[in-house]
Amino acid sequence: MLKIFILGKNIYEPLYFQRNFKERFKGFICCVKKQNRKGDKKMCGIVGFVGKKDASPILVEGLSKLEYRGYDSAGVAILKDNSIEVLKCKGRLKNLEEKLEESPIKGNIGIGHTRWATHGEPSDVNSHPHSNKNESISVVHNGIIENYLNIKEWLMSKGYEFLSETDTEVIPNLVDYYYNGDILDAVMKATAKMEGSYALGVICTKEPDRIIAVRKDSPLIIGVGKGEYFIASDIPAVLNHTREVYLLNDKEFVVLTDEGVEIFDENKEKIEKEIFHVTWNADAAEKGGYEDFMLKEIHEQPRAIRDTMASRIIKGKPIVLDKIKLTKEDLKNYNKIYIVACGTAYHAGVVGKTVIERLARIPVEVDIASEFRYRDPIMDKNTLVMIISQSGETADSLAVLRESKKKGCRVIAVTNVVGSSVSREADDVLYTLAGPEIAVASTKAYVTQLVAMYIIALYFAEVKETTSKEEIESIKEELLNLPEKAEKVLENKEILQKFAAQNYMHKDMFYLGRGLDYAVSMEGSLKLKEITYIHSEAYAGGELKHGPIALIEKGTVVISTITQMDLKDKMISNIREVVTRGAKTLAITFEGNEEVEKSVDSAIYIPKTLDILSPILSVIPLQLISYYVAKEKNCDVDKPRNLAKSVTVE
Ligand code: M6R
């Protein structure tokens, strides 16, 4: 079978090629792989407009197409009569729209932003655009400036003042510092000092005819209209105005005026770029060319894992957690940890229990929030409570947090949403940097919750000295290899697609595993239920004989995960038990375990990693099985029936 891989740093051209290729050469396999780009942050959306029309409605409409990138606050800055007017506020874009209706800002050049907080909680002051003190320079930014604290201190030593907690606020001030009559020059000098990722839109009252734009490791495109030009984090934001775009590369600087667009390299040499003509609709482009948000989010997992580890796990150095400050003394006093959560987050907690107990030697109980809150658990000041919640707004999880605090427990939150209720009310927070998760079925949030569990377990183990330095170091090293290994898992989809095509009509499917494989099976089973509406159960392999095996008959589908090598033989015996009763079996296991093929109908191989870390990789094929089965059944994978993304009521 011929298989073609198309590589690209920008996903649009390869996706376009793939679509044509598939249509013309049916039967061939054509895969698109995004070339690794360190720190490609998918948080926040930026837009900019220069032309003859009123900028503010164009900016707001562009931002509405980028809300999938973040929606905790929004703002615009518009140039008018040699001054900049900024309007920004916390909350969804509609708040900004209402404010703009009450007090419109007129002007033909502007920049806008929709935020997904990473540094500083959602608030009016932390919203973008950010400006220098005399408001002559305004900036919108998508990305993270990793050395912002150093820059901030340095600027403060030169008399600069800061209002917000954001990393972004250093940018207009740095540009101000370097401004000497040429805004492009100042932006070039400022970005040379910045480490991290950025897509920027910059306006300046002293050069009121232009926007300066540049990117590094965050996406940015330039829309080319007739006498009007745009910047945007993603193509959908400009599609109502133009289908002609420039796809920028890192460190390409752009000057946009109503007369045209000029692109320069880092040395201020002019660059000629080819225009890219967009042929698909806004809906497809918003999903990065993927058919659904869920598929897009599954593919974002390598990036999400990398971001969640970044600056926390560094080879040879202790784990760094800025918002968790438990000392050795504190940790000595805790004789029990409760991990409490709902749904997928609960499943991450089940993995957390094993890894914390194994590495930090503290007893851990995991519970479902809606059960825990009514069962009067035994807890006091020596109990540590951990709440895991993607949204940070789940009613039952929040209720447990509040009750735990009333009982004098310290609460750690693991959440994806900066400034969410859970993050604000907990004593300590560890943010999972998955970025906004739009599909109801959680995928990238789950793997980042797993990463958070490992980070916390390693942190506790280091502080309590319960695991040898060598073992801690080898786990850290392997964690850092996982983004690349996750990419490899994502390349291997054909068997899963085939499996889905052959089995989508079944009424039941069973998942089997032991130890951490059982925890992952629970998540695989939930994914199948919620997006395919097929009944499914996950069982611990050893439980089979205690009842569930009565359900197995000819043709029953059983999906096993086998990555815990000390339990491998026992799992294979369990598989044989179901095979004897006629089950159709698929196994997910490490490369090198090819002997499982003697016992199963088909096998999927994931790259070898430490057994303790396997859930981060083994869950990916399980997510994809559910996805492809749902597609075979024509289900709406992003919005499954009866479900909501965030369950804020009991
Ligand atoms: O936002 P939370 O993590 O607190 O949400 C918990 C569950 O509602 C959530 O994980 C749900 O189970 C997902 N739909 C699973 O894909």
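Just the heavy atoms: all of them, side chains too, but no hydrogens, waters or symmetry mates, feed the values below. Both counts, for ligands and for their atoms, begin at 1 and track the order of listing. Remember, predicted model here, so these are calculated numbers, not experimental data.
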Salt-bridge present (K498, E494; N to O < 4.0 Å)
no

Lys NZ or Arg CZ of R641 over Y533 ring: under 6.0 Å, within 45°:
yes

Under 4.0 Å between a side-chain nitrogen and a carboxylate oxygen: does that hold for K94 and E98?
no

Would you mind running through ligand 1 and noting each atom that sits below 4.0 Å from a heavy atom of S391?
1 (O), 2 (P), 4 (O)

Salt bridge or not between K405 and D427? Use side-chain N to carboxylate O under 4.0 Å.
yes

List every atom of ligand 1 that sits less than 4.0 Å from any heavy atom of Q390, numbering the atoms from 1 in the order shown and giving each element.
1 (O), 2 (P), 3 (O), 4 (O)

What do we get for E530 next to ligand 1 when only non-hydrogen atoms under 4.0 Å count, side chain, backbone, both or neither?
side chain

Under 4.0 Å from one or more heavy atoms of A441, ligand 1 contributes atoms 16 (O)

Check the angle between the aromatic planes of H535 and F510 and answer parallel, tilted or perpendicular using the 30° and 60° thresholds.
perpendicular

Ligand 1 to S442, heavy atom cutoff 4.0 Å, flagged ligand atoms 15 (C), 16 (O)

Contacts of Y71 that satisfy ring pair (Phe, Tyr, Trp, His ring centres under 6.0 Å) - sequence neighbours left out:
W116

Purely on distance, is any nitrogen or oxygen of T394 under 3.5 Å from one on ligand 1?
yes

Does K645 approach ligand 1 within less than 4.0 angstrom via side chain, backbone, both or neither, non-hydrogen atoms only?
neither

Contact check: T344 vs ligand 1, nitrogen or oxygen atoms, below 3.5 angstrom
yes

From S420, C342, A341 - option closest to atom 6 (C) of ligand 1 by heavy atom:
C342

Which of the atoms of ligand 1 are close to V440, meaning less than 4.0 Å from one of its heavy atoms?
13 (C), 14 (N), 16 (O)

Nearest atoms (heavy-atom pairs only) where G70 meets T114:
O-OG1, 2.7 Å

Which of the numbered atoms in ligand 1 are under 4.0 angstrom from any heavy atom belonging to K527?
15 (C), 16 (O)

